[in-house]
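Throughout, a chain's letter reflects where its sequence line sits, starting with A, and its residues are numbered from 1. Heavy-atom basis, side chains included; hydrogens, waters and symmetry copies ignored.
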Protein chains: 2
Amino acid sequence: MEQVTNIFQNITEQECSQMMRCFQAAEKRYTAGSVISTYSRDSQKIGILREGEANLVRIHSDGRQTILEDLHQGDIFGEALTFENFDIGTMQVVCTKNCRILFFDYACLIRRCQKACTFHSQLVHNSLQIMSRKAVQLSERLEILSQRSIREKLLCYFSILAARNGRETFQLPFSFSSLADYLAVDRSAMMRELKKMKEEGLVDVEKRRIVTVFPRQPF
Amino acid sequence: MEQVTNIFQNITEQECSQMMRCFQAAEKRYTAGSVISTYSRDSQKIGILREGEANLVRIHSDGRQTILEDLHQGDIFGEALTFENFDIGTMQVVCTKNCRILFFDYACLIRRCQKACTFHSQLVHNSLQIMSRKAVQLSERLEILSQRSIREKLLCYFSILAARNGRETFQLPFSFSSLADYLAVDRSAMMRELKKMKEEGLVDVEKRRIVTVFPRQPF
DNA sequence: CGTGTTTTGTTGCAAATGCAACAGTATTAT
DNA sequence: ATAATACTGTTGCATTTGCAACAAAACACG
């Protein structure tokens with residue numbers, strides 16, 4: 001089974017452009033830092049991030065704002081998908097890099113158009129896939145953050161990476177500083193703990209190459 | 001705009017039963033503790049939790065298992081939705097309470113059936129809604145768990161509840177013990193911090209009724 | 001090549017947190 | 001009504017963690 005990363009996956013270039021006409025899709029460009037606000041009351045648009053990066057943020061009453069999701073290439077977003085039963089106006093999509101975004105009517109996605117495009121169910125399938133993968137990714141990070149200690153967080157994350165790589169050796173996908181952010185812990189405290197773990201022979205770290213030495217299950 | 005909590009929302013009883021015949025849907029019952037494992041290779045089923053509670057868990061190679069999602073009434077799940085591009089076999093749905101689950105073919109959801117039911121797009125809409133709400137809920141919890149201190153976690157969660165309720169007073173949706181679990185902190189440490197916050201006049205707590213006293217923005 | 005910037009590695013110290021344990025209260029079941 | 005169970009509130013203590021600060025190393029770039 002193939003991984004769906006793009007909402008247009010398994011839809012040919014030709015079908016795609018046909019569909020875009022059919023959907024009256026429009027592509028827009030945004031510069032880093034700008035806010036996407038094309039939400040009109042009568043026609044709900046959904047956006048597809050073709051290029052760049054953006055955040056879905058909530059603006060709190062006290063002025064603080066928190067990032068609800070970070071959107072990457074291929075992600076879909078829109079009032080119709082996330083803003084429902086939230087105070088619109090408290091939610092925004094903010095570009096963190098220059099973005100290219102494709103908009104089309106949400107109604108087109110869930111309903112077959114008049115021309116009854118055959119690839120329509122593929123589109124729905126892809127949307128569901130993208131959204132469910134996101135849920136799993138979020139749950140994974142939640143699982144890590146709900147560990148109590150730095151050591152447990154590291155081990156939890158490492159075991160996920162190891163599993164993903166199919167062996168007990170793997171490459172860290174980012175710097176130790178970012179790792180600390182990802183685990184939501186203090187960097188120096190994390191380094192200290194990592195050192196201890198090395199000394200105890202739990203892991204082997206050289207550069208960003210990690211070798212986990214998990215104790216065998218006794219059973 | 002109405003909140004979608006049920007995949008059959010805005011679909012009449014009659015349409016629903018018609019659709020169920022059309023989909024060859026089948027309802028099954030599971031007792032608390034049992035594992036749902038009706039995933040066959042050729043026909044991908046999705047499940048709808050009509051009653052009860054269940055967890056989507058991953059079984060790690062070291063025997064540990066972690067909860068990826070907890071499923072409640074109205075949630076949808078299935079290999080087609082979450083298990084793709086994961087090692088099936090490492091993922092299970094485990095009932096935590098007695099459950100009533102409705103199964104039908106995933107293909108039916110994304111593709112119109114032969115009889116071209118008109119309420120089909122409503123079904124797709126509902127599915128997308130349920131899944132996107134889940135993503136927002138998960139992000140919300142992530143936002144909370146990425147706070148560094150117990151105090152920050154409490155305040156973050158409280159401000160979400162307050163915003164949700166539209167005022168600075170609200171009711172805790174669960175016990176303090178569960179709250180500690182939700183925030184992934186030690187219960188006694190949380191009680192201690194809560195007491196301090198009361199003493200400092202930051203919050204007012206009586207039973208499960210919380211009144212937040214956030215300092216006014218200066219500007 | 002040199003220079004400015006980011007990342008890594010360390011440490012002392014104060015504060016926050018988890019753990020264990022216990023008693024009192026509320027809630028539920030029998 | 002009574003027993004059993006779950007929840008609340010509290011405390012002492014050891015440990016972990018965050019914070020601040022600094023130096024060395026690695027990297028980026030003109």
Side-chain angles (χ1 to χ4, degrees), chain A residues 32 53 64 96-97 141-158 161 170-212, chain B residues 31-33 52-53 64 66 70 96-98 141-158 161 170-212:
Chain A
E53 267 177 46
R64 251 173 24 103
T96 49
K97 297 188 177 169
R141 179 131 183 263
L142 267 182
E143 162 68 17
I144 295 166
L145 291 197
S146 57
Q147 302 299 316
R148 296 299 165 87
S149 65
I150 293 182
R151 173 174 298 218
E152 283 177 312
K153 285 178 184 171
L154 283 169
L155 289 175
C156 183
Y157 183 49
F158 286 175
L161 286 182
F170 53 87
Q171 201 77 18
L172 265 190
F174 34 54
S175 71
F176 284 93
S177 308
S178 310
L179 177 59
D181 288 342
Y182 184 78
L183 303 183
V185 297
D186 181 74
R187 186 190 60 84
S188 67
M190 185 192 78
M191 298 299 273
R192 182 167 36 202
E193 191 61 37
L194 207 48
K195 195 175 147 197
K196 269 197 225 166
M197 289 165 69
K198 270 192 275 188
E199 285 166 4
E200 293 177 31
L202 263 172
V203 291
D204 193 18
V205 182
E206 45 177 288
K207 282 269 184 183
R208 290 188 185 168
R209 177 154 219 82
I210 314 273
V211 183
T212 57
Chain B
T31 54
E53 266 177 47
R64 252 175 21 107
T66 63
D70 54 344
T96 50
K97 296 187 177 169
N98 289 342
R141 179 135 183 259
L142 263 183
E143 162 69 17
I144 295 166
L145 291 198
S146 56
Q147 303 299 316
R148 296 298 167 85
S149 65
I150 292 182
R151 173 173 298 216
E152 281 175 318
K153 285 178 184 171
L154 282 169
L155 289 176
C156 183
Y157 183 50
F158 286 174
L161 286 181
F170 53 86
Q171 202 76 17
L172 265 191
F174 35 54
S175 71
F176 284 93
S177 308
S178 310
L179 177 59
D181 287 343
Y182 183 79
L183 304 182
V185 297
D186 181 74
R187 186 190 61 83
S188 68
M190 187 193 77
M191 298 300 272
R192 181 165 39 199
E193 191 62 38
L194 207 50
K195 195 176 150 198
K196 268 197 226 166
M197 290 165 67
K198 270 193 275 190
E199 285 165 5
E200 293 176 32
L202 264 173
V203 291
D204 193 20
V205 182
E206 45 177 291
K207 281 267 183 185
R208 290 188 186 172
R209 177 155 217 79
I210 313 274
V211 183
T212 57

Peer 1: Does the base of C/dG9 carry an N or O that pairs as donor and acceptor with the side chain of A/R187 under 3.5 Å?
Peer 2: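 When only heavy-atom distances are counted, A/R187 does reach the base of C/dG9 through a donor-acceptor pair under 3.5 Å.
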Peer 1: Within 45° of the ring axis of A/F176 and under 6.0 Å from its six-membered ring centre, is that where the NZ or CZ of A/R187 lies?
Peer 2: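 No - A/R187 does not lie over the ring of A/F176 by the 6.0 Å and 45° rule.
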Peer 1: List the steps, then state whether side chain to side chain contact (heavy atoms under 4.5 Å, CB included) holds for A/L179 with A/L154.
Peer 2: CA-CA 9 Å; A/L179 177 59; A/L154 283 169; 4.1 Å; yes
Peer 1: Rounded at 0.5 Å granularity, tell me how far CE in B/M190 sits from CG in B/D181.
Peer 2: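 These two atoms lie 9.0 Å from each other.
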Peer 1: Provide, to the nearest angstrom, the distance between the NZ atom belonging to B/K153 and the P atom belonging to D/dT17.
Peer 2: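 Spelled out: NZ on B/K153 to P on D/dT17 is 11 Å.
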Peer 1: Step by step, work out the side chain to side chain contact (heavy atoms under 4.5 Å, CB included) result for A/I150 and A/L183.
Peer 2: CA-CA 8 Å; A/I150 293 182; A/L183 303 183; 5.7 Å; no
Peer 1: Quick one: A/I210 CD1 to C/dT8 P, roughly how many Å, whole number?
Peer 2: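 One finds 11 Å between P of C/dT8 and CD1 of A/I210, rounded.
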Peer 1: Which nucleotide in the set D/dT16, C/dA26, C/dT10 lies at the smallest distance from any side-chain heavy atom of A/S149?
Peer 2: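 Minimum distance to the A/S149 side chain belongs to D/dT16.
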Peer 1: Check whether any side-chain nitrogen or oxygen of A/K207 sits under 4.0 Å from OP1 or OP2 of D/dC27, and answer yes or no.
Peer 2: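 Answer is yes, contact under 4.0 Å.
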Peer 1: Given D/dT11, D/dA21, D/dC19, identify the nucleotide with an atom nearest to the side chain of B/S188.
Peer 2: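 My answer, after comparing the listed nucleotides, is D/dT11.
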Peer 1: What is the distance from CD of B/E193 to C1' of C/dT17, rounded to the nearest Å?
Peer 2: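 Atom CD in B/E193 sits about 10 Å away from atom C1' in C/dT17.
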Peer 1: Where each residue is assigned the nucleotide of DNA chain D containing its nearest heavy atom, which of B/K195 and A/R148 is assigned the position nearer the 5′ end?
Peer 2: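 Nearest-nucleotide comparison on DNA chain D picks B/K195.
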Peer 1: Go through the steps to decide whether A/F158 and A/L172 satisfy the test side chain to side chain contact (heavy atoms under 4.5 Å, CB included), and finish with yes or no.
Peer 2: CA-CA 9 Å; A/F158 286 175; A/L172 265 190; 4.3 Å; yes
Peer 1: Is there a donor and acceptor pair, one atom on the side chain of B/R192 and one on the base of C/dG18, closer than 3.5 Å?
Peer 2: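 Per atom types, the contact qualifies.
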Peer 1: Can you tell which of C/dT17, C/dT7, D/dC7 lies closest to the side chain of B/A189?
Peer 2: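 The closest nucleotide is C/dT17.
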Peer 1: Let me have the donor-acceptor pairs involving side chains of residues 197-206 of chain B, under 3.5 Å, with sequence neighbours excluded, atom names and distances please.
Peer 2:
unit_1, atom_1, unit_2, atom_2, d
B/E200, OE1, B/R151, NH1, 3.0
B/E200, OE2, B/R151, NH2, 3.0

Peer 1: How close or far is atom C1' of D/dT17 from atom CE of A/M190, stated in whole angstroms?
Peer 2: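 Going from CE in A/M190 over to C1' in D/dT17 covers 13 Å.
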Peer 1: Which whole-number value in Å describes the distance from A/L194 CG to C/dT10 C1'?
Peer 2: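 Roughly 14 Å, once rounded to whole Å.
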Peer 1: What's the CD-C1' distance between B/E152 and C/dT17, to the nearest Å?
Peer 2: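 Answer to the nearest Å: 14 Å.
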Peer 1: A/I150 CD1 to D/dC19 P: how many Å, rounded?
Peer 2: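 After rounding, the reported distance stands at 11 Å.
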Peer 1: Minimum heavy-atom separation for B/L145 and B/A184, please, with both atom names.
Peer 2: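 For B/L145 and B/A184, the tightest heavy-atom pair comes out as CD2-CB, 4.1 Å.
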Peer 1: Expressed in angstrom and rounded to an integer, what is the separation of B/M191 atom CE from C/dT17 atom P?
Peer 2: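 In whole Å, C/dT17 P and B/M191 CE are 16 Å from each other.
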Peer 1: Residues of residues 171-186 of chain B with any non-hydrogen atom less than 4.0 angstrom from an atom of DNA chain D: list those, numerically ordered, please.
Peer 2: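 Result for residues 171-186 of chain B: B/S175, B/F176, B/S177, sorted by number.
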